[in-house]
Asker: 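Quick one: this structure, given as structure tokens, is what I'll be asking you about.
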Amino acid sequence: GCGGSSAGSSDSGNAGSSAGTSSAAGGTESGASGADSGGSSASSETAGDIKLGLSIYSTTDATAGPMVNNMQAACDGMGAELVVATDDQDLEKEITNIENLIANGCQAVFCLPYSDDSIPRIAKICEEAEVYFGFYWYDLTNEETHDVCYRSDYFLGNIYEDDVWSAYTAMKTLSEAGASHIGMFGLPTGRTTTTKRDNGIQKACEEFGMEILVEDRVNTNTSDDAASSVESMVSSYSELDGIVIAGMTQTCLPGVIQALQNLGLTDKVKVSCIDFNENQTEYFEKGYVNGVIGGHFTGCAWLAVLAVNKLQGTPLTDEAVSVKDEFLVLQSADDAKNYDAYLYAELPYTADEYAQMSRKINGEFTYDDLLEIIASYSVEDVMTRHNAG
Amino acid sequence: MVENQVLLQIQHVSKSFGLTRALRDVSFDVRKGEVRGFIGENGSGKSTLSNIIAGVYEKDKGKIILDGKEWKAATVVEAEEQGIALIVQEIGTIEEISVASNIFLGNERRFGSRGIINYRKMNQEAKKALELIGASDISPEKPIGEYNLEERKIIEIAKAIYTHPKLLIVDETANALSSHGREILYSVIRDVRNYGGTVLFITHDLEELVRVCDSVTILRDGVYIDTCYGNEMIINELKVKMVGREMSGHYYRTEEEGSMGEKVVMSVKNVFTSALKDVSLELHEGEILGLGGLSDCGMHELGRLLFGLDQPYSGTLTCNGRTERLKNPVQAIRRNIGYVSKNRDSEAIILRDSVRNNICLCSLDKISKFGFAAPKTENSFVDRWIERLKVKVNNRSEYVASLSGGNKQKVVLAKWLGRGSNILIFDCPTRGIDIGVKEAIYTLMSELKAQGHAILLISEELPELIGMSDRILIMKDGRIVCEKMRSPEITEPLLIKEMI
Amino acid sequence: MKKNNGKGMELFINIFPFISLAVVFVGFVVLSGGRTLTLANCRKIFEQSFSLLLVGGAAVFLLAQNCLDMSVGAAIGMAGAVAALVSKTSIPLALLAALGVGLLIGAVNGFLHGVLGINAMIATLAMQFILRGLLLIVCKSGTLGIAAGMYDLDHIGLKAGVCIAFLFTAWLFFRFHSYGKKCKAAGAGEASAIQSGVNIAEVKIIGYVFMGITAGLAGFFTVIRTGAAMYNTGNMVEFDTVIALILGGMSINGGADSKFRSSVIGVLILGILNNGMVLLGLGTYPQLITKGVIFIFVLATTFTIRNKLNSGKKLA
Amino acid sequence: MSKKIINSIVVVMVPVALYLFFLILRPGSFGKVNTVYIIFTQSFITCMIAWGMQYLAKMGEFDLALGAEMILDSIVAALLCAKIGFAGIIAGCLLSAFVCGIVKGVLYRIMRIPIMILTIALVYLLGACGGLITNSAALTIPYEYTFLGRAPGNIIVFLLTGAVMYILSDRSVYGANVNAVAGSESISHNNGISVEKTKIRSLFLSSMFAGVTAIVQLSHGSGVTPSVGLDSIQNIMQPIMSVFIGFVMAQYINIVFSIFVGSVLMSIISNGITALNWSSAIYNVVVGAILLLIMAYMNVAKIYSRKHEEKIGALKNMKEMGARET
Ligand SMILES: Nc1ncnc2c1ncn2[C@@H]1O[C@H](COP(=O)(O)OP(=O)(O)OP(=O)(O)O)[C@@H](O)[C@H]1O
Ligand SMILES: Nc1ncnc2c1ncn2[C@@H]1O[C@H](COP(=O)(O)OP(=O)(O)OP(=O)(O)O)[C@@H](O)[C@H]1O
Ligand SMILES: [Mg+2]
Ligand SMILES: [Mg+2]
């Protein structure tokens, strides 16, 4: 059950210092170098007591990069070592990554399962190796898989983002901007994430009387392909007045905007997308984009907090946890600028803040504290905390 | 002759291809304004020498002096710049491109500035070049694929002549030409002589030679034999010089009369293809049937057809009394037909494979159980045939590529004999092979005949045909033009008359 | 002297893959502080290399005749998807279905290349397109999970058994059966092979069918390993296969000196490499660069030597 | 002359027929002039890459690294653009293409391995280079510098490239050499044409064509994302297919146009599938099937024409000998 939960509706705030494309790129860079060195250099300092493993498709791109950086900060703060296995491109690679991470001596591993069908497998590998495991960006909706996980002593929990909600919200922003005939870009079907986003879009269509006229899940490899696709969409469906990008945003969005600019349709055709990207601030400023849903970058850090506490023998909870990781919704240039300044140029939580979430360091910290922190994740929250400090 | 009239001096030139010594210490001079004939049996080294002069091959030893200066042809382009043009024996044009482009192949820069070709000028030039030799019916813009082999040869003539070469080499071009084409060629040769150029004219047609040439040089087995001038060029004497070798008894079969079994093991009747015209023949058991003619008379094609490599368009083929359609060599081999290709290195053996695998390849079904052959069985099989044919190898895993020509050929023979094939089609089995192995192969052929095998011996070498065959068929222009039974009366001139 | 030199180079060509394997293995053992060597890790390397071992074993037959199969990854995906679908009915039937799908794909490839004579790479690349498209349609609703009972088959003993039996049989056929010899002959000299009674079309078709069936088997075990099939199951396996064979010392033109061991050695090198790079915590790009550089280095070394060897032989 | 016109009409009819097919299925969209315009402009990029590829393809070689190269070109261009503006786009693409071309040529010269295999290895390396430079970030260029990505900029670049392509393939010594090598390597060699040099030049040229195309592509989409592993090979499947289609049609019209027709065909298919909102899965199937059909047609036609020639020859001989056909 998800739908119209309003937790993420974080609009207007102080006009922070503007952080354009270049500073955003700088942010990624510094973050990434931290992530890359994580595997080897950190080990000597932390004496290799606790080692966490993460399987993810990239350590650098605009969505995965911050995710890794946050987890790195959590590990640094709490004194754990992080090993990242990249190239998580298909089911088999994911399994291979998990195996290799375990072989590397990780005591807890995290991944984004491709679907419910692959979870029993992952659970089995981890149980056999007596290694804790958890999922990020993944909701255990299927009862069978849910049971498989909860039966295991090694299941830490899952942090999920509400993908039905994110897609629904992306559509809602389009509807609010007055669009109803929509063209869609997305990932090839096959991932649970994709299915959920499709469901969210479907739900919004029914609720707001919108219609998906045409969808493209193939021409998403380059910005140029996406631009061509928009041209074709507009030419085939003159009534088209909105475009939702439910995947491959990084690549597609520049092409979509460019094509609309070329066609002189930036006013008529509204655009919203899921996942943050480097250019959103500029696009918001020019009014090319009506909504961007993303910012779900902290899930792995929470998993790290759970794992480190568990492995230190001071578990926050004995139960497996299932927590929703909030999306951020940007709807204006100010939103985007604030996001850039407070969540992109810097991390939403510093290593020191993460350190306080280790019960070994801060005995007071409880599971409920953690839940509270997770639930309060928003641009304003970060601004208040970091402006104060 | 006055010294400064000499255009080309060949001095002690030698060339080997691996173990084949194509040219051995060849020396002779050619004067300016001379049409020099150049004759010799197949494989005597004519083409090799031509190619060396024109920069296609490098010589191993010796000197070539052109116009008083030493000439070290490195590339074809350099040779062309020096005024040497070669019309090659094989096809020298590229099918996909236009006539004009073929004429100026490798020379496009003539019509270009900064790498851009002026095709209008090129076509005009090509037209001129073609008109020059009286072939104005060929249009330079068209792709050359639209023209037949003869017309393509004429285009090659145009290509060779348009630069007004000092030295024009014509390598067995006349074979592909009709009388009209020949007239063109002869007039080109006259032109070259008239402007003071020199022609080296290679042909097998001695009458043509005497008509066209001022003098003639004879090669035999890569060795310079003689040069005859003007009236000295008497056809019969040339033949003696060309063939030269004695037909001694220990070399070929000694029987005077041919013999053959009753049974016809293979036959074709009224076969037509694009190369064969109404060909019929019967091959008997225990017979060596000789098939001779000029290189493009259709005899090689007939051999391929009998092995299932080509199919007849009409006509019938029977094998052991049954009418068959041989769709591929697999079917032919199943009917115990073996075939030794003229192109040994590319078609008959696998160079980069061991002697063992080569010998076993076509017998795999015989020496294996359920497809599996024990290495022991294989080895003893191979050893038996290496032994039997006295193949000189270090060990059976050696690559065939490292064997000498004769031993390669022995491997081919071992392959078929090992398979137990009793209908053997030998296409030029002694091509490029020295006398020792030749003799061994002839002896083997006689043995096989005695055992009742049927052998079709396709050969460009007349002594071999005469010496080995029970019966000789001569082909010309895709037809069988005469049949001769073995007898002491059969002589080379007799056969040559039929071939030309 | 020259002859000795040739022998030396040939020897080097033969042992070069072993050297590569040893270097990679020892290198990673040292760099990872022995973690590569643990029994558990070795077991994982085997499991990760399992389907590539199978596919590589079949690819030897194709590469020996100078053919590539660019559709093998998609075939694995397709067979895996069908196996997953059928497994809900019956698991033995799922195996049969996977093998059947592979066989069908192989037969089509064989027909396209062997009979119609379409360039092997283009034909199989087009097949890859078609199969990936079909796979998207089959997997429309997401991933295709396997029946719970199928997890029991994920047993290291069973896999080891299958793998050893498969490789041993394939080796027997490649080394001793007339089919393997014909493959090598076809690659070394097609015209000569034809004139020695090798039916090239047949050899090619069998090669592709065998490849297809193997892809079916690999697909079956892949879905057991992953628990599900999805649109990109078997992604890029075709390139991994070629890369592995070349790392293992196979000549890209196939021919008589093709060795079956190339596939096993190459797959192991690749497996250790992939595993070791994660053990060392290398990022995406360093991994890609390492792979690319090793690939080019091995290619350059073997090709230079082979070219020298060949040019020496041509003189004879 | 009239035969030439008829041939050209026949060739042009193929895309027209396909267009009509989609027009019938979806008149609302394919009936518009704008759609035709879009189909044409979208085919430019495919066509320009294909033009660059065809030299190598004629000689039986394939460069699979072009997709990765174009991404790298665009990355360098976007970075330079951030520094020096519009000139950076041109300079970046061409510079990077130039370097890639040289590197490929040198590696080929040293290693002499099949170009396809060499370029697979390069795909890894070039992809990783792009990723390292940008750290995976998507780069964009400002709108004011993107005029080469839309009319008339793209049309001008396209026409200029086409003119260069025409001059190179139909008017230049290099083009003549490529045709000769494609026809027969040995005869070319014997006439003093260096086969290796011709191939190296073609490798380099394919890079330069890709570089010019990258300018238009980057300007059209305004953004570039580095690719991982072998993914970028997918990006050049359409050009590869256009080349094949172009080769089939080159018997009837000039290769410059035949490849363009091939690109237009690909463009019609992808627009048609969008217009009908067919599943993207169908696209893969359709494209693969079309490629197979074309190749099968080419081969069967070749076999048939060989047989036909043989038959003509045999019939001529039979007539000459006065034999009746059996
Ligand atoms: N490229 C080559 N490689 C190996 N051997 C060769 C090559 N070219 C010629 N030979 C061999 O060199 C010898 C001389 O051949 P060449 O072609 O010069 O003879 P020819 O006199 O022109 O014969 P023909 O009358 O058949 O044209 C032959 O034994 C031939 O087999
Ligand atoms: N390039 C080579 N590499 C290796 N071995 C070679 C090479 N060339 C020749 N040989 C070997 O040298 C030996 C001697 O060859 P040679 O040519 O002297 O014999 P031959 O009697 O002339 O043979 P044939 O009469 O068959 O031509 C042969 O056994 C052959 O295997
Ligand atoms: Mg010898
Ligand atoms: Mg000759």
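Numbered from 1 within each chain, the chains take letters A, B, ... in sequence-line order.
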Asker: Check whether L134(C) gets within reach of chain D through its side chain, its backbone, both or neither, counting any heavy atom under 4.5 Å.
Answerer: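 The answer is both parts of L134(C).
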Asker: Might you point out which heavy atoms bring F295(C) and A121(D) nearest each other, and give the distance in Å?
Answerer: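 That would be CD2-CB, 3.2 Å.
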Asker: Rounded at 0.5 Å granularity, tell me how far CG in L118(D) sits from CD1 in I296(C).
Answerer: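 Taking CG in L118(D) and CD1 in I296(C), the distance rounds to 6.0 Å.
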Asker: Once rounded to the nearest 0.5 Å, what's the spacing between atom CG of N119(C) and atom CZ of F244(D)?
Answerer: 6.5 Å
Asker: Examine whether an atom of L135(C) lies under 4.5 Å from a heavy atom of chain D, and if so say whether it belongs to the side chain, the backbone or both; otherwise answer neither.
Answerer: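 Neither; nothing under 4.5 Å.
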Asker: If I take atom CZ from residue F129(C) and atom CD from residue Q234(D), how far apart are they, to the nearest 0.5 angstrom?
Answerer: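 Interatomic distance, F129(C) CZ to Q234(D) CD, rounded to 0.5 Å: 5.0 Å.
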Asker: Would you say I122(C) and I240(D) make side-chain contact, with heavy atoms under 4.5 Å?
Answerer: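 Not touching, per the 4.5 Å side-chain cut-off.
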Asker: Using non-hydrogen atoms and a 4.5 Å limit, figure out which bit of L291(D) sits close to chain C: side chain, backbone, both or neither.
Answerer: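 Interface part for L291(D): side chain.
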Asker: Is any side-chain heavy atom of M295(D) less than 4.5 Å from a side-chain heavy atom of L116(C)?
Answerer: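 With C-beta onward as the side chain, the pair stays apart.
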Asker: Considering non-hydrogen atoms only, spot the tightest contact between N284(D) and G133(C) and give its length.
Answerer: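 The answer is CB-CA, 3.7 Å.
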Asker: Please classify the contact of Y283(D) with chain C as side chain, backbone, both or neither, using a heavy-atom distance under 4.5 Å.
Answerer: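 For Y283(D), neither part sits under 4.5 Å from chain C.
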Asker: Heavy-atom cut-off 4.5 Å, strictly under: side chain, backbone, both or neither for I290(D) against chain C?
Answerer: neither
Asker: Report yes if some heavy atom in the side chain of V293(C) is under 4.5 Å from a heavy atom in the side chain of L125(D); otherwise report no.
Answerer: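 They are in side-chain contact.
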Asker: Atom CZ of residue position F98(D) - does it have more than 12 heavy atoms of other residues, nucleotides or ligands inside 6.0 Å?
Answerer: no
Asker: Would you mind telling me which of I303(D), V285(D), I110(D) has the largest number of heavy-atom pairs within less than 4.5 Å of chain C?
Answerer: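 Between I303(D), V285(D), I110(D), the count favours V285(D).
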Asker: Between V286(D), I120(D), L122(D), V300(D), which has the largest tally of heavy atom pairs under 4.5 Å with chain C?
Answerer: I120(D)
Asker: How close do A128(D) and I289(C) get, heavy atom to heavy atom, and via which atoms?
Answerer: CB-CG1, 3.3 Å
Asker: What are the two closest non-hydrogen atoms of A126(C) and G288(D), and how far apart are they?
Answerer: CB-O, 3.7 Å
Asker: Is the shortest side-chain heavy-atom distance between M116(D) and L68(C) below 4.5 Å?
Answerer: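 Answer yes - side chains close enough.
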Asker: With a 4.5 angstrom heavy-atom cut-off, which part of I294(C) approaches chain D: side chain, backbone, both or neither?
Answerer: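 It is neither, since no heavy atom gets under 4.5 Å.
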